[in-house]
Protein chains: 4
Amino acid sequence: MVSPKRPATQPASNRAERAAERRGAIVEAAMDEFIARGFAATRLDDVAKRAGVAKGTIYLHFKDKESMFEELIRTAIVPLVMSLGAAPPRPDATVRDMVEGFAKTFIEQVATTRRGDIVRLIVAEGPRFPAVADFYYREVVSRGLAGMRAMIELGIARGEISNKNLARFPQILVAPALIAVIWQSLFSKHAPLDAIEMLQVHLDLVFGERRTT
Amino acid sequence: MVSPKRPATQPASNRAERAAERRGAIVEAAMDEFIARGFAATRLDDVAKRAGVAKGTIYLHFKDKESMFEELIRTAIVPLVMSLGAAPPRPDATVRDMVEGFAKTFIEQVATTRRGDIVRLIVAEGPRFPAVADFYYREVVSRGLAGMRAMIELGIARGEISNKNLARFPQILVAPALIAVIWQSLFSKHAPLDAIEMLQVHLDLVFGERRTT
Amino acid sequence: MVSPKRPATQPASNRAERAAERRGAIVEAAMDEFIARGFAATRLDDVAKRAGVAKGTIYLHFKDKESMFEELIRTAIVPLVMSLGAAPPRPDATVRDMVEGFAKTFIEQVATTRRGDIVRLIVAEGPRFPAVADFYYREVVSRGLAGMRAMIELGIARGEISNKNLARFPQILVAPALIAVIWQSLFSKHAPLDAIEMLQVHLDLVFGERRTT
Amino acid sequence: MVSPKRPATQPASNRAERAAERRGAIVEAAMDEFIARGFAATRLDDVAKRAGVAKGTIYLHFKDKESMFEELIRTAIVPLVMSLGAAPPRPDATVRDMVEGFAKTFIEQVATTRRGDIVRLIVAEGPRFPAVADFYYREVVSRGLAGMRAMIELGIARGEISNKNLARFPQILVAPALIAVIWQSLFSKHAPLDAIEMLQVHLDLVFGERRTT
DNA sequence: TATGAATGAGCGTTCATTCAT
DNA sequence: TATGAATGAACGCTCATTCAT
């Protein structure tokens, strides 16, 4: 959340920079509002207020509410992919270690942050925004599942994973992660969920229980 | 579309009955609309039209849109619980068989029907309707998880489940089922998902692979 | 301008009647506003206020501002045509008498009333509302000119009109009438125009000067 | 789109000249837009774009939209008057020849050009812009009618015009010309109108039919 | 002088809610 | 009880006007 009023010391950054700042503020504010209220219930007035700009300014950056929403989600998905794709390719590590690293990254970078809320937002609005659902499927789901499948197959080849059918349903591998995301939004106040622990247990199911030395 | 003047031949089903019919029609229509559009985007005009009643009639049965939504969800959850709680208590069966039966019931009764959409609706609107989320947690989630935990513990006691930590995270057991529900709504047109098969594989992870004779 | 509140003595006219009254009030109000401000500058808020209804009520009768405008004009043109077409077909009268009667009717029924303003409104907005211009041409202009041409030809045949070319330009016969309409709206406060007199003089040109005994 | 930095080779036409150029471009663009859309529906954004200047630049030349419109019309009227007042004062010609020359000039210089659209624009917006209507009356209408009246009186004196009352309604003389202007804008696509021919016929009415030798 | 990003009042339209019938 | 016409607050979007650069 950058203050819209640049401190006097700063030498008045150029126009483009200022515009980018404003746009950023709008994006942040809109994201927050969309997450908090969903698409239909979000008021552009509130977005503008939260972003510290006038209502009309939003329309200098986005064609209308709908395309703002779609563009926002698309934009937000990119770092989501990046934060996951950033899994270090340690070829010498065990598959379990790789998956575990990946899972931890997910929990830290997604499940416990606003990125997780975006995932829930997509689940919530997807049916009304096929373009969003399509994009999400293409950029995140299909890629993510392909990556998981590759991991699973490697695990099977190396003998780390015994259930050969798992490769057909990589969804199983990520299911608890998604559960964690949804749990955060809906039930964490009723009963906290230790996502990291849960993922460990789940990985034990997949890879066999770790011999606790 | 029932004629307002009941023909004299009809034994004049009493008023209460007629009212209940109307109310039922409204509930059905509202449910469909809420599922299709979400809370905020649903128009009571459309609900009334779909239910075949006048707009004002809705207000004879519900205080306002919000409480209608909450009441609807609550009402819809009951058969959800019932359809799941109806698991026959075969004490002689293996735990896996019990869980499997339960899972199949879920797939058939929930994941592939409108009930699944209701689950997604709760995920979507839950944060804006704490009362709904609370009710859902109390009536479905906590009970369901308790039941699952009991099953798991029985499985552990009987030696069917080796991972003792699983009892701490019964969410893991239901995670793929929830995935199936969400997948139906969002991605089934991109790639169909055989939920039954997926659950089988998942149960293989939990109970150990079935020796396919 | 009918009072929206029916006097208590009246036995509460039925719904349809009330609706027609309201619609009539909206039409009146909208006509006045459109004439006074033109299409773009007319505010539906003002129309509603003037009609004594809520803004939303307008939308119970008209799809949107644009179609309201077009429908209004179309509706207003009908009595315009009628008031002109009502020229009594006195076959024994001279052509001049017929044209004169027609002209007087026009001056009395159109040029000096709000109907004249509607003509000016069509001139003003026609280019932006081709549908309006088309309708006006079809229903009023082409018919009116055809009628005029018939009169002129009759006049020529009877020897009342000597200039045979006039039949090719019946516009000439109506031009002063249109001038009168426009003059009313724009310049009557600068210099009043005695339209009746002017038409007499014009007819003298067409039919030859009357021998004022 | 003129480069803001004038190349050194150019003898740097002074600022005032550049400003006048810009102002001219704005005037042209605004005129086109006002004619095409009317006052209220014209967007200064479009004017600026069409003129090739920034929106703010308009405000360096005009106080606001309203006064721009009024000033524009006033400015546009001047050449209108000039193009008409430029009637050569051939004292030896017949009055009919003079009027005919005048009429042809009008058809060529006004009715078939954008100037005619300006006349229609004044008819359309006049009631909302009394200043415009006043100015137009003062500068064009009253002068034009006075000129016409003088012609008519000369015609009467010379025996070319027999109807002495015509001098009281010089409007009759110009009515067909105005009709031609309006017809161009509204109905020329439905039925073309040969304005020159029509004016000839009209003059035959006024001056008596020409003996076609 | 010229720019165009930013503003915010204002408008068309929608829709939950009311109420006379 | 049921209706649906009527309401009016609220929202998305536009555009004349301003002003920092």
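Lettering follows sequence order; numbering is per chain, from 1.
Nearer to the 5' terminus of DNA chain E, by closest-nucleotide assignment, is the contact made by D:T57 (compared with the other of D:T57 and B:G56). A residue-by-residue look at C:K65 and B:D64 shows that C:K65 has its nearest nucleotide of DNA chain E further toward the 5' end.
Rounding to the nearest 0.5 Å gives a distance of 12.0 Å between CD of A:E21 and CD1 of A:I26. Within the model, atoms CZ of D:R37 and CG of D:D46 stand 5.5 Å from one another, a figure rounded to the nearest 0.5 Å. Separation of atoms CE (C:M31) and CG (C:D117) is listed at 9.0 Å; rounding is to 0.5 Å.
Below the 3.5 angstrom threshold, one finds no donor paired with an acceptor across the side chain of B:K55 and the base of F:dT3.
Between B:R43 atom CZ and E:dA16 atom P there is a gap of 8 Å when expressed in whole angstrom units. Atom CZ in C:F39 sits roughly 14 Å away from atom P in E:dC11 (whole-Å rounding).
Within the 4.0 Å cut-off from OP1 or OP2 of F:dA6, at least one side-chain nitrogen or oxygen of C:R22 is found.
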Symbol by symbol from the 5' end, with Watson-Crick or G-U pairs under 3.5 Å, [ ] crossing and | another strand, DNA chain F is .||||||||||||||||||||
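A perpendicular orientation is assigned to the rings of D:F69 and D:F34, their planes being inclined by more than 60° (bins at 30° and 60°).
Within the nucleic acid shown, D:L60 comes within 4.0 Å of at least one base atom, counting heavy atoms only.
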